[in-house]
Structure formats: C-alpha cells, structure tokens
Amino acid sequence: MPAPIIEVDRVSKSFGPLRVLEELSFTVAPGEKLALIGPSGSGKTTILRILMTLETINSGHIKVDGEYLFHMPKNGGLAPADERHLHRMRAKIGMVFQLFNLFPHKSVLDNVTLAPILTKGVAKADAERQAMELLDMVGLADKAKAMPAQLSGGQKQRVAIARALALQPKIMLFDEVTSALDPELVEEVLNVMRRLAEETDMTMLLVTHEMGFAHDFADRVLFFDRGSIVEEGPPDEIFTNPKEERTQAFLKKIIAAGQRV
Amino acid sequence: MEWSWSFVWEILPTLLEGVKVTIIATLLGSALALVVGLFVALARRSDNPFLSRGTGFLAEFIRGTPLLVQLYFLFYILPDLGLTLSPLVAGTIGLGLHYGTYTAEVYRAGIENVSRGQWEAAKACNLTTPQAWRHIILPQAIPPMIPALANYFIAMFKETPLLSAITVLELMNQARSVANFNYRYLEPMTLVGVFFLVISIISVIGLRALERRFGRLG
C-alpha cells in the first residue's frame, strides 16, 4: 500500500466553546475518492476547510503529501507553519465551495487563468489555452467571455471546478458543491465530477448530502457524527449494510426524505 | 431694499475669487481626507491593539467635536506651540482630518462589503495576501465606495464657509467683507447662496451618475 497522501492525526478543533472535531484521525491514499457524509454540524465541512487552511487546528497533526500542513521542522522539533510554508502547501490542494465564490468582477476565462498566471508565473497565452481546455471539459467553452453574473448556478459551479483544476492540485476538496443549486442543475455538476473521477488520478474528498452520488463516486465513505468518524467502509457496505446504530438512523432519515442511497 | 444689478457686477469678480478659494479648499481637503481615511482605516484593522484602539479613540474624538473648534485649535492655538500655519493650510488640514474620519468608515464598509467567500476563494487559489487585496478585494470594494466618498466631499464643500472664521478668503469671507464695506447684504449673500446651490446641484447630478455607474454601498 502506498504512503497516504493525507494523514489526519488526532485533530481537535473548537469554535469558542463549541467542539467541532474530537481527536479526529483518518488517512487517504493517493488517488482515492472519499465521501464524507453525516448530519450537519458533524464536522465534515470543517475538516475540509482545515485541509484548505481556511481554519486552523487546536491540537493534533495533519500531513499532506508527506509534509506537515500546520507545522514545519525547526531545530529538530516542530514549529508552527509560517505563511510561506502554508503558501507552498496550498499549491497541492484545490477547493470548490458550496456558494461557488467566483470572482464576480472577472470574466469566466479570467477566473480560470488568474491563479496560474499569478501563482505559477504561467504565460497569459498558455494559461488561456489551458483554461479553454478546462472550460471545454466542463462544457462551458462558449461562456469564456461571459461574466459570472450571467451564468446559472450549475454553470457557475462548473467554472469553479475548472478554476480549481487550473492549478493542477494533487488533492481536490468538494464542499457540498450541489447544495446551493436548483434540483434540475445538480446533475450537470455531478456529471463533470464523475468524468473527473474517471479520467484523473487526483485524490478527491467530497462532502455531500447526495447519498446516491456518494455511493457511485466514492471508493470509501466516512460517516461523521459529533466531530468524529463513527463508521467507515466501501459505499456498498455503508449504504446497504451499516453496522453502527447512528449510521443506520442517519440513512433512515435520508431515505425517508426521498433520496436514493 | 431694491436689488441692484450694478452692485452685483461690481462685486462679482471679488466673489469669484472667493469661489476659487472655496473650490481649492474643497479639493485639497478631499484629497487629504482620502489619504487620512486610508491610514485611519488601516490602523483600525491593525493587530496592534494600541494602534487600532488609539486610532479609534482619536477618530471618535475628531468626529465628536465641531469642525469649527478644530479649526480654531489649528489656526489660533498651534502657533502658541510653535507651529504657525497659513489660513488655507490650516483650513485644509482641518477639513482633511475631520472628513478623513468619515472616509475611513467608507473604506471599512467597502472592504467588509466583500464577502468572506472571496477571501477564501483567493486563498484556495493560493494567492498571497497582497495579491488577494490587489486582484480580488479592492477591485470589488472600491467602486461602491466612490459615490459614498463623493457624498462626503459635497458635504465638505458646504462646510467651507467655516474657514472664514480663520480668515481664509473663501466665498463667504469675501461676500461678508464686501457686504460690510458697502452696508449691503442682499446681493452678496444671495450670490453666495446661488453659487453654493449651483455647484451643489451640479455635484449631486454627478453623484447620481456615479451611483448609477458603481452602485451603492450597503
């Protein structure tokens, strides 16, 4: 088995008095597609945001691609990471947000080319050629000149995926990327992600409430509740034969709400 | 009392001199307010509590006291401490400091108006903080600030008659001196009103255009 690309080791996180992660530990193999499911407030989005360094941790360690995320070696021990270290680590990770967070003052094409030009020094023409390929892949090559406000939610989210891919991260984080979409627009985004999962060997972590999609997409499912992992396993096992009572109760509610799992 | 056109023509050149000074004071005061506001806004965002709270207290102090009192301090009391300023310089500094505390609030609102998601997306795109400011935050924060800033500068313009109290020869001061000299107040004061009204109306039309172009803050 290859060395894990992500190692989360006894990570705890609180927001004020609220404990959101409780000694959380898990590892992710390179190329693995992981679905994080569980009730709201269970900490699944928080761990994604922590991996993107949008939040810090209170205790524990995280290693990404063999290096500590929030620490760096110093004088034989570990010191808190400085901004330069974080900047270097962020280059390995891309994220797609629930609310898209496209840059509204930039065209679709500029949204995709901005980061490669600024952070990797890619020449504008090369960045634009690569961006057009990515936009073509998400089916939006004809919208390159459009502004984000002119797009539907599903189109915005596909642009956001192209934007994250433009930096060629080793790890992609998808944070409830279809939760803000009208139901009829969900499928176009999921299709792009399916293709991505099939055609690339990128490691992907997906926080979702779409159980049917998690079932098809993931190699492994982590069920979160109250800040820790209650149960994990292959999707067939988790969705059809969950062992833990809390997983069973959660899936029952989801099915009662009319979702396929 | 009868309106005298010949008196109007006689005093018009003097009043126009005053208009010129009024406009100069407004422009210089606005420029200074833009810079002062930026420093106040940055200092208040600082992690250093002495800097952020100290600036906050100072800004509250300036906003909570009348501009006229501040002008008196700058022009009549600073010379006792060894710093003598010309009337126009003292007036410009007074306007700039006073309105700088208001423009600081405009900057703050403009920056906070950009959603947290934009910062997060910039980070996820691995932009450095200066790159995020330059390419993501400021281009979104500045346009809605422009009408709000223009609004304060129009307000500043209408407060420039206060500068007459520290002997700046702006419109009000010129009008008062020709009026006192001739014992005729009707024409000079009417003209002062007309000048302010015309320039205000033109400015407000410009402001509305800015609001249509850039949107409103809020």
Side-chain angles (χ1 to χ4, degrees), chain A residues 45 48-56 82-106 110-122 127 148-149 156-157 159-169 171-175 180, chain B residues 34 38 41-49 51-52 103 106-150 207 209-218:
Chain A
T45 285
L48 235 56
R49 291 172 55 79
I50 285 172
L51 288 169
M52 193 65 255
T53 72
L54 300 178
E55 309 281 354
T56 55
D82 58 17
E83 189 52 38
R84 247 183 74 189
H85 176 84
L86 290 173
H87 183 70
R88 203 165 51 75
M89 295 302 286
R90 273 182 213 125
K92 302 169 190 282
I93 308 166
M95 185 163 182
V96 182
F97 298 88
Q98 180 178 358
L99 295 175
F100 330 123
N101 295 341
L102 291 183
F103 304 132
H105 58 302
K106 301 222 171 262
D110 289 344
N111 262 275
V112 182
T113 58
L114 181 77
I117 291 172
L118 287 179
T119 71
K120 293 174 129 186
V122 177
K156 281 182 196 168
Q157 196 59 297
V159 173
I161 292 173
R163 180 177 70 179
L165 290 173
L167 284 167
Q168 299 169 319
I171 301 163
M172 278 279 276
L173 310 171
F174 295 93
D175 183 20
Chain B
L34 282 176
L38 186 62
L42 289 176
R44 295 202 68 174
R45 282 179 68 90
S46 156
D47 293 329
N48 181 333
L51 189 59
S52 60
T103 56
V106 175
Y107 290 132
R108 189 187 56 77
I111 289 163
E112 285 177 7
N113 204 33
V114 180
S115 79
R116 204 174 58 137
Q118 291 293 306
W119 281 105
E120 295 185 346
K123 222 170 182 182
C125 286
N126 208 15
L127 303 193
T128 61
T129 306
Q131 284 173 337
W133 274 112
R134 178 162 164 225
H135 297 279
I136 307 303
I137 306 303
L138 290 181
Q140 295 181 67
I142 290 173
M145 289 178 191
I146 292 171
L149 291 172
L207 175 67
L210 287 175
E211 280 176 353
R212 273 195 304 277
R213 169 82 175 72
F214 295 114
R216 291 174 69 107
L217 204 58

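Lettering follows sequence order; numbering is per chain, from 1.
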I need the minimum non-hydrogen distance between [X] and [Y], along with the two atoms involved.
| X | Y | answer |
| --- | --- | --- |
| A:Val122 | A:Ala127 | CG1-N, 3.6 Å |
| A:Ala164 | A:Pro169 | O-CD, 3.4 Å |
| B:Leu207 | B:Pro147 | CD1-O, 3.1 Å |
| A:Gly94 | A:Met52 | C-SD, 4.1 Å |
| A:Leu54 | A:Met95 | CD1-SD, 4.1 Å |
| A:Leu102 | A:Pro148 | CD1-CB, 4.0 Å |

Legend entry - Any donor-acceptor N/O pair, B:Tyr107 side chain to B:Leu34 backbone, under 3.5 Å: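 The answer is yes, because a donor-acceptor pair under 3.5 Å joins these two groups.
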
Inset, instruction - Could you check which of A:Leu167, A:Ile93, A:Leu118, A:Leu99 has the highest count of heavy-atom pairs closer than 4.5 Å to chain B? - result: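 Maximum pair count with chain B is reached by A:Leu118.
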
So which N and O atoms of chain B and chain A form donor-acceptor pairs under 3.5 Å?
{"residue": "B:Gly117", "atom": "O", "partner": "A:Asn101", "partner atom": "ND2", "Å": "3.2"}
{"residue": "B:Gln118", "atom": "NE2", "partner": "A:Leu102", "partner atom": "O", "Å": "2.8"}
{"residue": "B:Glu120", "atom": "OE1", "partner": "A:Arg49", "partner atom": "NH1", "Å": "3.0"}
{"residue": "B:Glu120", "atom": "OE2", "partner": "A:Arg49", "partner atom": "NH1", "Å": "3.1"}
{"residue": "B:Glu120", "atom": "OE2", "partner": "A:Arg49", "partner atom": "NH2", "Å": "2.6"}
{"residue": "B:Lys123", "atom": "NZ", "partner": "A:Thr53", "partner atom": "O", "Å": "3.3"}
{"residue": "B:Asn126", "atom": "O", "partner": "A:His87", "partner atom": "ND1", "Å": "3.4"}
{"residue": "B:Asn126", "atom": "OD1", "partner": "A:His87", "partner atom": "ND1", "Å": "3.1"}
{"residue": "B:Asn126", "atom": "ND2", "partner": "A:His87", "partner atom": "O", "Å": "3.0"}
{"residue": "B:Gln131", "atom": "NE2", "partner": "A:Leu118", "partner atom": "O", "Å": "3.3"}
{"residue": "B:His135", "atom": "O", "partner": "A:His105", "partner atom": "NE2", "Å": "2.7"}

Inset, instruction - Please state whether the side chain, the backbone, both or neither of A:Phe103 comes within less than 4.5 Å of a heavy atom of chain B. - result: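 For A:Phe103, heavy atoms of backbone and side chain both lie under 4.5 Å from chain B.
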
